Structure formats: structure tokens, C-alpha cells
S.K.: 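One structure, as C-alpha cells, below. Some questions next.
Nothing here was measured: the structure is a model prediction, and the numbers come from that model.
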Amino acid sequence: RPYLFSNTIAPAAVGGVVEVMNILAGENQFLQQLQSNTKLFRTEMKKAGFEISGHDTCPIAPVMLYDARIAAQFAEKMMAQSIYVIAFSYPVVPKDKARIRVQLSAGHTTEDVERAIKGFT
């Protein structure tokens, strides 16, 4: 009876995964752009004095601000500049570990990343 409550994956989801795998296997320009964006953002933000949590090659870059109010205000100011970032604070993250989460992608241009850095600095 273990099959009684099992579900299959929707064909559209499988098709999407297959297409992504084909793209990743055939071209690495997206991966190279993502790695370049990640390195640029993390390097320049650290030079500007920000603490960026996580591994240096991770495109999810938590900018540590520690204070929940400051993180929320900072994120609002970034949004006003059309730079989409999210502030996280307790209870989503530990108390006094508030941060702004920046998610880099291969879809961002170098200019986009530089604009985001400028928004922080």
C-alpha cells in the first residue's frame, strides 16, 4: 500500500527540468556570468566595509546589518531606487542577526551589479 498516497511529478515540471539540464550541459556562459557577478558583488561590498555572510562563491549574498530596524529601512531605500533586495530579521533569522539578502543571477549585467553596490555605498 505504499503507492496509495504517492503522486507523480507533473509532466510540465519534468520537461522544465530536462530543458534546464540541456541548457546547463550545452553552454556555460550563464554559469560564467553568475560567477562573475557573484565575485564582483562580494569583493566590492567587502572593500566598502560590509560583512557578507556565506561562502564567497554563493550568489545568495546576505549583507549583515545586525539591527532589524536598520535592515528594514535600508531595504526600503534600495527598493526606492528600484534595487530589489529583502530584509530579514527575527524570527526568520536569529535575533540581532538582521541582514539584507541579495540574490545575484546570470541575468544581471555588470552594470546592474555595480548599480546595486553603489546603492549600498
S.K.: With the side chain counted from C-beta on, respond yes when Arg42 and Cys58 share a heavy-atom pair under 4.5 Å apart, and no when they do not.
M.R.: yes
S.K.: Do any N or O atoms from the side chain of Arg115 and from the backbone of Gln81 form a donor-acceptor pair under 3.5 angstrom?
M.R.: yes
S.K.: Are any of the side-chain heavy atoms of Phe88 and Lys97 separated by less than 4.5 Å?
M.R.: no
S.K.: May I ask you to test the Met21-Val18 pair for a side-chain heavy-atom distance under 4.5 Å?
M.R.: no
S.K.: How many angstroms lie between atom NZ of Lys118 and atom CD1 of Ile83, to the nearest 0.5 angstrom?
M.R.: 9.5 Å
S.K.: Evaluate the side-chain proximity of Val63 to Ile52: yes if any heavy-atom separation is below 4.5 Å, no if none is.
M.R.: yes
S.K.: Has the side chain of Arg101 got a donor or acceptor atom that lies under 3.5 Å from a matching backbone atom of Arg99?
M.R.: no
S.K.: Taking Ser36 for the side chain and Gln32 for the main chain, is one N or O donor matched with an acceptor at less than 3.5 Å?
M.R.: no
S.K.: Can you confirm whether Thr110 sits close enough to Gln33 that some side-chain heavy atom of one is under 4.5 Å from a side-chain heavy atom of the other?
M.R.: yes
S.K.: Rounded to the nearest 0.5 Å, what's the gap from CD1 on Ile100 to CD on Gln73? Could you check?
M.R.: 10.5 Å
S.K.: Any salt bridge (Lys or Arg N to Asp or Glu O under 4.0 Å) involving residues 51-67? Give me the pairs, sequence neighbours left out, ordered by first then second residue.
M.R.: Lys46-Asp56
S.K.: Hey, does Asn37 have a side-chain heavy atom less than 4.5 Å from the side chain of Asp112?
M.R.: no
